[in-house]
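Report on the following structure.
Only this structure's heavy atoms are used, side chains among them; waters, hydrogens and symmetry mates stay out. None of these values were measured; they are calculated from a predicted model. In what follows, chains carry the letters A, B, and so on, assigned in the order in which the sequence lines appear, proteins first and then strands, with residues in each chain numbered from 1.
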There are 2 protein chains.
Amino acid sequence: MAREREPGSLDLLILHLLGERDMYGYEMVTELARRSEDVFKMKEGTLYPLLHRLEKEGALSAREERAEGRTRRYYHLTRRGRELLRERTEDWERYAGAVNAVLCAPPA
Amino acid sequence: MAREREPGSLDLLILHLLGERDMYGYEMVTELARRSEDVFKMKEGTLYPLLHRLEKEGALSAREERAEGRTRRYYHLTRRGRELLRERTEDWERYAGAVNAVLCAPPA
DNA sequence: TACTATACATCGTTTTTCAAGGTATGTCAA
DNA sequence: TTGACATACCTTGAAAAACGATGTATAGTA
């Protein structure tokens with residue numbers, strides 16, 4: 001139905017983080033948990049395929065970097081990614097608004 | 001991750017409607033569209049299996065009724081359904097709150 | 001040395017939802 | 001009366017999202 005919302009509720013979260021600054025996968029997981037007070041405990045089996053898909057779609061670019069003895073894959077939001085972020089944000093607002101409209105609407 | 005939200009976001013809408021009064025399937029589709037101003041255009045391929053599942057889970061009971069020359073299948077929220085509605089409502093609030101926390105949180 | 005945290009990844013399964021199609025009745029206009 | 005449209009129910013097969021499980025490897029710490 002509102003096919004614009006569901007298959008991207010997690011995309012929105014990731015895109016939003018990357019809209020603030022470049023991050024690597026593991027960092028996103030911990031940052032989402034921190035901000036949501038552990039409501040979002042994104043699994044790696046969810047995150048990495050998601051990042052790869054967004055990269056393939058041209059929304060993200062990636063670079064490898066060695067830091068603190070570890071190799072990290074930093075993701076960066078492309079111009080296209082910023083557009084997608086805007087869309088996903090609007091989708092979310094539309095969806096959340098519609099749910100609340102249903103929950104609060106006066107019965108017909 | 002937030003496995004409590006997704007696989008029941010539509011359940012919440014349906015349970016909520018039935019929390020107000022008994023309704024039949026087709027009516028739910030139109031009522032959701034009305035309240036959400038067409039954000040929710042639930043497909044019958046989505047709705048009916050959903051209703052059947054909730055009935056099998058004991059959240060709904062059903063009765064057939066003839067009205068206006070048509071046979072309608074009215075659904076009613078059971079006690080168990082009311083519990084489920086409460087849970088789903090809390091899940092939604094928790095989820096929506098977490099999304100907004102991520103979107104508004106100050107960067108680490 | 002062993003455990004934990006960090007950091008990446010893949011694979012198979014489950015679940016939700018959709019698109020498409022099917023059946024049947026009532027209403028209304030051409 | 002014929003056709004179109006709304007109402008009202010249903011099923012099936014396919015796609016996609018997310019998860020759980022699992023694997024690899026390194027760094028730090030007890």
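B:S9 has a side-chain polar atom (N or O) that falls below the 4.0 Å cut-off from OP1 or OP2 of C:dT17. Between A:H52 and C:dC8 there is no side-chain N or O to OP1 or OP2 distance below 4.0 Å. Of the side-chain N and O atoms in A:Y48, one or more sit less than 4.0 angstrom from OP1 or OP2 of C:dC8.
Distance, B:R73 CZ to C:dA24 P: 19 Å, rounded to whole Å. Rounded to an integer number of Å, the gap from CZ of B:R63 to C1' of D:dC9 is 16 Å. Straight-line distance from the CD atom of A:E65 to the C1' atom of C:dC8: 16 Å, rounded to whole Å. One interatomic measurement links the two molecules: CD of B:E68 to C1' of C:dT27, which rounds to 12 Å at whole-angstrom precision. C:dT16 atom C1' lies 11 Å from atom CE of B:M42, rounded to whole Å. The separation between A:L47 atom CG and C:dT6 atom P is 15 Å, rounded to whole Å. Atom P of nucleotide D:dC10 and atom OH of B:Y75 are separated by 5 Å, given to the nearest angstrom. Remark: P of C:dT6 and NZ of A:K43 are 16 Å apart, rounded to the nearest angstrom.
By the 4.0 Å N-to-carboxylate-O rule, A:E37 lies too far from B:R94 to be salt-bridged with it.
In terms of the salt bridge (Lys or Arg N to Asp or Glu O under 4.0 Å) criterion, B:D38 has no residue partners (sequence neighbours excluded).
Residues A:E44 and A:P49 approach most closely at O-CD, 3.7 Å, considering heavy atoms.
Each of A:P49 and B:G69 was assigned the nucleotide of DNA chain C with the nearest heavy atom; the assignment lying further toward the 5' end belongs to A:P49. When the nearest nucleotides of DNA chain C are assigned to B:E44 and B:L50 by heavy-atom distance, the more 5′-ward of the two goes with B:L50.
Aromatic ring centres of B:Y95 and A:F40 lie closer together than 6.0 Å.
Among the nucleotides D:dA27, D:dA18, C:dA9, the one closest to the side chain of A:R66 is D:dA27.
More than 12 heavy atoms of other residues, nucleotides or ligands sit less than 6.0 Å from atom CZ of B:R63.
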>> Between A:L60 and A:L15, is the side-chain contact (heavy atoms from CB on, under 4.5 Å) condition met? List the steps.
In response: CA-CA 9 Å; A:L60 307 182; A:L15 291 169; 4.2 Å; yes

For nucleotides 4-7 of chain D, list the nitrogen or oxygen atoms of the protein found under 3.5 Å from its nitrogen or oxygen atoms, one pair per line.
residue : atom : partner : partner atom : Å
D:dT7   : OP2  : B:Y26   : OH           : 2.8
D:dT7   : O2   : B:R70   : NH1          : 3.1

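The residue B:G45 sits close to a base: some heavy atom pair falls under 4.0 Å.
With A:R72 contributing its side chain and A:Y26 its backbone, the two residues share no donor-acceptor pair below 3.5 Å.
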